[in-house]
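Everything below concerns the one structure shown next.
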Amino acid sequence: MIRAGMIRKVAAGIYTYLPLGLRVIRKVELIVREEMNRAGAQELLMPMVQPAELWNETGRWGEYGKELLRFKDRGEREFCLGPTHEEVVTDLVRAEVKSYRHLPQILYQIQTKFRDEIRPRFGLMRGREFLMKDAYSFDRDEEGAKSSYEKMGRAYHRIFERCGLKFKPVEAESGVIGGIFSQEFMVLAETGEDSLVACHACDYAANVEKARGSDCPRGHGPLTTHRGIEVGHIFMLGTKYSQAMKAVFLDKNGKEAYPVMGCYGIGVSRTAAAAIEQNHDAKGILWPLPLAPYQVHVIPVNDQSERVMITSELIYGTLSNLGVEVLIDDRSERPGVKFNDADLIGIPYQIIVGEKNLADGLVELKDRRTGKVQKVTTEEVIDLVKKLVLPPAPRAES
RNA sequence: CGGGGCGUAGCGCAGCCCGGUAGCGCGCCAGCUUCGGGAGCUGGAUGUCCGCGGUUCAAAUCCGCGCGCCCCGACCA
């Protein structure tokens, strides 16, 4: 990502997103937002700086360890940079939710998190500062909580499918977040830091840390192992936090009860990095179309040729007006430089405009992933691109 | 936290052992040529040698302390 001009390092595990990288992040965010909203979750934004008192209520101020970056304000009061938001969101809910009529609720945010990792590495893959979508569900009872958990699980499937990624949900440990049951969503990639086992015959899969034995527990024989990158984690929390923080509501019978919680994370910046790990070749990135920073890359081969430049700009303008996300390489560089940079940053479709083909009224449309090139007229290329990148026009309601 | 390594021009590095003029490649700037897979020639600019302290006539180089970063092992989206 550094080589492709997506990010720049500011300090260990802390990065600036450059324009190209930010566009990818925004793509992931958009998909996540749409699917969260579709699942009935509501977006809010909680503070990054959190007071120690809240963390003392759940005992995690003591438990969390050095990953929690702590500091004091001018009045010597203790704070931390939020690595997760169970305390803050539970504090909010206990103030606002008084009746079973207010439940269920699913609240989420997309926000910068900070975890003072022992050893940040692999760029965005394990940064100390990173973008995360975190959602929290509050239900009247166990059954409701289970249904929220399943709803979120389905939303996660949709999210990673829409991102164009090969992934697998696996059974996992709950770690410091705690809770009853949890699943991780793993993007499959050889370079992944995690190992998982999966059954060839059914959908059983587990993190190796969690897996018991080498055979499928449902009796399908030996499990196969894979490498993966954890991009999402969903937890059934139970009442661990609502009890500790005395968040109560009155149930149907007028009796006090604790909301049953779940929490659901997606590493937004890590998902972008994982997409690259899963989709690259020797020359560079092969962005899945839904995450690509741009959909089409127009490459004028020679910026000295007026004809090449005019045609390139015409194609660029026409596609832009149609709502296609187009990048044009208007640098005064040699062709080789432009081709190599284009392959490196990996925009899915390249339109190469050169004098020789233009003499025949043709330009090239190149598929970055397959390397397949077709020579077409400047009019045809617009139609082809429209078909490739734009969603099919919505059919008239009948 | 434990182990290893590095810090010198925008980037990558040499120089340090053996103290004395700070260098190479790429990039950058100007001009000319070139233009379908990382161009050629000519000319040019650039340095608190990570910081602080010490030794010395003299420190990038030797000594001490500090800071930062990278890589390998136990946690996490």
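Every chain is numbered from 1 and lettered A, B, ... according to where its sequence line falls, protein lines coming before strand lines. Just so it is clear, the model here is predicted, and its values are computed rather than measured.
A:Asn357 comes within 4.0 angstrom of a base, heavy atoms only. A:Lys66 comes within contact range of the sugar-phosphate backbone alone, with a heavy-atom separation under 4.0 Å but no base atom that close. Within 4.0 Å (heavy atoms only), A:Lys113 reaches no atom of the nucleic acid at all. As judged by a 4.0 angstrom heavy-atom cut-off over every strand, A:Gly13 is placed among residues making no nucleic acid contact.
Figure legend: cation-pi geometry between A:Arg23 and A:Tyr294, with NZ or CZ positioned under 6.0 Å from the six-membered ring centre and within 45° of its axis.
One donor-acceptor pair, N or O on each side, does fall under 3.5 Å between the base of B:G37 and the side chain of A:Lys366. Contact annotation: side chain of A:Arg128 to base of B:C76, donor-acceptor pair absent below 3.5 Å. The base of B:C76 lies close enough to the side chain of A:Arg126 for a donor and an acceptor atom to sit less than 3.5 Å apart. A donor and an acceptor atom never sit less than 3.5 Å apart when one is taken from the side chain of A:Asn302 and the other from the base of B:G36. Donor-acceptor pairing under 3.5 Å, judged by distance alone, is present between the side chain of A:Glu364 and the base of B:G36.
Position along RNA chain B of the nearest nucleotide to A:Glu184 versus A:Ala11 favours A:Ala11 as the more 5'-ward residue. The residue among A:Asp343 and A:Val231 whose nearest nucleotide of RNA chain B is located toward the 5' end is A:Asp343.
Using modelled atom types, no side-chain atom of A:Asp360 and backbone atom of A:Leu362 make a donor-acceptor pair closer than 3.5 Å. One N or O on the side chain of A:Arg115 and one on the backbone of A:Pro83 form a donor-acceptor pair closer than 3.5 Å.
With centres under 5.5 Å and a plane angle under 30° as the test, the ring of A:Phe339 is not stacked against the base of B:G36.
Across the strands present, B:A39 finds its partner in B:U33; the criterion is a Watson-Crick or G-U wobble pair with both atom distances under 3.5 angstrom. Across every strand in view, B:C13 sits in a pair with B:G23 that passes the Watson-Crick or G-U test at under 3.5 angstrom.
Salt bridge absent: A:Asp141 and A:Lys252 never bring a charged side-chain N and a carboxylate O closer than 4.0 Å.
A sub-4.0 Å separation between OP1 or OP2 of B:C35 and a side-chain N or O of A:Arg334 is absent.
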